[in-house]
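What you see below is based on every heavy atom in this structure, not just the backbone, and it leaves out hydrogens, waters and symmetry mates. This chain uses plain numbering: 1 for the first residue, then up along the sequence. All ligand and atom numbering here is 1-based and tracks the order in the structure.
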Amino acid sequence: MRILLLGANGQLGRSFIEDGGLAARGELVVASRDGVLAAGGRGEIADMSVPESLPALLDRLRPDVIVNAAAYTSVDRAEQEEALATRVNGEAVGVLGQWAAAQGALVIHYSTDYVFDGRQAQPYAVDAPTGPLGAYGRSKLVGEQALHGSGADHLTFRTAWVYAAHGHNFLRTMLRLGAERDELRVVADQHGAPTDTMLIVRGTLAALDRWLQSDGMQRHALAGTHHLVASGATTWHGFASAIFGEAVALDLLARSPRVVAITSAEFPTPAVRPAWSLLDNAGFRQRFGFAPADWQHGLHDVMRRLVTSNH
Ligand code: NDP
């Protein structure tokens, strides 16, 4: 089995490579936008902003499974670059789906809580009506629909509030600012479940294993969209406070800054974020036998990784 990993240098892509679980399951080929790998060395070039370039690459590599961890993820910049975001997150995903449908390959793809408007007050079910508030969410919804419409075997995993010990994310920003400032003002009226990339990697591998063990009828029941997020709930303010609690306990920071709760209105951004980002992940365990742990577990693991990498 040949597995193609797209977006090898992103938070999730790097975690897949570090974990080694994909490479243990087949011949792993990795690709990035320019072929340069953050982990060192070179991989294939797969520029998702040029969707028409992808079929030739796929024809040459002939993957049985495509894991698409590449995405345009600049939520605020997308407001100015919606066409580009839609090419990467929408059209290119459709092209992967068309190729996979024709060749009988499986596409594993990731989407976001931002496809919802955040106006409800209970976790979103997989089939809840979508209604993105901004360009990034719209572009990701185009991708979901294009993949579904392609007729390819696919697993689309919506996730949220993604972070890791590496890459650009809220946790790393907080640790940097927390070391510089006595006080941080953090939004306390957006609710979600911070999800570490290793949870996404493990959930994906569990789902892939279940897929590979299944026959056609069973696969039909597994295919489609699922919610792969950590369990539990907090706010960005709650997440920041927990980060600093762990950082002080693990001696990563000498002292915690004061974390002041503010409203989204006090921290305006070009893109409006949903107030409610919680996704109902109960179906994931039922279908794939993997129970997403509470977000605090992932935080603890990531902080311990940071301590190890600091020494
Ligand atoms: P990152 O932003 O860390 O990584 C995305 C990767 O995609 C980067 O390596 C980037 O390349 C690559 N990429 C961007 N544009 C292109 C392009 N034109 N061609 C090829 N590669 C490109 O994202 P995450 O790992 O956090 O996200 C993984 C998935 O989870 C995505 O589908 C995302 O939409 C989804 N998600 C993420 C959330 C989050 O909070 N981050 C929340 C909810 C869902 P380069 O390194 O060159 O910039």
### Message
Could you walk me through whether D113 and W161 satisfy the side-chain contact (heavy atoms from CB on, under 4.5 Å) test, starting with their C-alpha distance in whole Å, then the side-chain angles of each, then the deciding distance to 0.1 Å, before giving a yes or no?
### Response
CA-CA 9 Å; D113 52 314; W161 293 25; 3.9 Å; yes
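- Here's the thing with L12: one of its N/O atoms is less than 3.5 angstrom from an N/O atom of ligand 1.
- Scanning the protein for heavy atoms near atom 37 (C) of ligand 1, the closest one is V162 CG2, 3.7 Å.
- By the 3.5 Å distance cut-off applied to N or O atoms, S32 is not counted among the residues near ligand 1.
- Remark: ligand 1 and G10 share an N or O pair separated by less than 3.5 Å (distance only, no angle test).
- Side-chain contact annotation: E18 with S15, donor-acceptor N/O pair under 3.5 Å absent.
- Looking at K140 next to ligand 1, an N or O pair under 3.5 Å apart turns up.
- Counting heavy atoms from C-beta outward, Y124 and W276 have side chains that approach closer than 4.5 Å.
- Near A70, the atoms of ligand 1 lying under 4.0 angstrom from a non-hydrogen atom of the residue are 7 (O), 21 (N).
- Below 4.0 Å from some heavy atom of Y110 lie the following atoms of ligand 1, by number and element: 29 (C), 30 (O), 32 (O).
- In summary, the atoms of ligand 1 found under 4.0 Å from a heavy atom of T73, numbered by their order in the structure, are 1 (P), 2 (O), 23 (O), 33 (C), 34 (O).
- At the top of the distance list for atom 26 (O) of ligand 1, counting protein heavy atoms only, stands Q11 NE2, 2.9 Å.
- The protein heavy atom nearest to atom 43 (C) of ligand 1 is T159 O, 3.3 Å.
- Close N/O approach between A71 and ligand 1 is found [any backbone or side-chain N/O within under 3.5 Å].
- The shortest heavy-atom distance from G167 to ligand 1 is not under 4.0 Å.
- In this structure the side chain of I17 reaches within 4.5 angstrom of the side chain of V30, judged on heavy atoms.
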### Query
Hey, mind stepping through D209 and R25 against salt bridge (Lys or Arg N to Asp or Glu O under 4.0 Å) and telling me if it holds?
CA-CA 9 Å; D209 289 344; R25 282 164 176 77; 2.7 Å; yes
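- Residue nearest to atom 35 (C) of ligand 1, selected from F170, F16, Y136: Y136 (by heavy-atom distance).
- Across every non-hydrogen atom of Q11 and A164, the tightest pair is OE1-N, 3.2 Å.
- In the vicinity of V88, heavy-atom distances shorter than 4.0 Å reach the ligand 1 atoms 18 (N).
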### Task
Dump the intermediate steps for side chain to side chain donor-acceptor pair (under 3.5 Å) on Q190 and S277, then the final yes or no.
CA-CA 7 Å; Q190 292 171 22; S277 279; over 6 Å; no
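- Distances from atom 15 (N) of ligand 1 to the heavy atoms of M48, H109, H166, R33 show the closest one on R33.
- Between A46 and ligand 1 there is a heavy-atom distance shorter than 4.0 Å.
- Close approach of ligand 1 to N9 (heavy-atom distance below 4.0 Å) involves ligand atoms 9 (O), 46 (O).
- Comparing heavy-atom distances from atom 44 (C) of ligand 1 across S53, S277, S111 singles out S111 as nearest.
- The aromatic rings of F170 and W236 lie tilted to each other, with the angle between the two planes from 30° to 60°.
- Here T173 pairs with R176, L177 under the side-chain contact (heavy atoms from CB on, under 4.5 Å) rule; sequence neighbours left out.
- Relative orientation of the F157 and H226 rings is tilted, given thresholds of 30° and 60° on the angle between their planes.
- Considering backbone and side-chain N/O atoms, Y72 never comes within less than 3.5 Å of an N/O atom of ligand 1.
- Ranking protein heavy atoms by distance to atom 18 (N) of ligand 1, first place goes to D47 OD1, 3.0 Å.
- With hydrogens and angles left out, the side-chain atoms of T204 and Y110 include a donor and acceptor closer than 3.5 Å.
- When non-hydrogen atoms are compared, ligand 1 lies under 4.0 Å from neither the backbone nor the side chain of Y114.
- When the options E144, K140, H227 are evaluated for a side-chain hydrogen bond (donor to acceptor under 3.5 Å, both in side chains) with S111, the one that passes is E144.
- Ionic pairing of D34 and R42 is not present here: no N-O contact between side-chain nitrogen and carboxylate oxygen is shorter than 4.0 angstrom.
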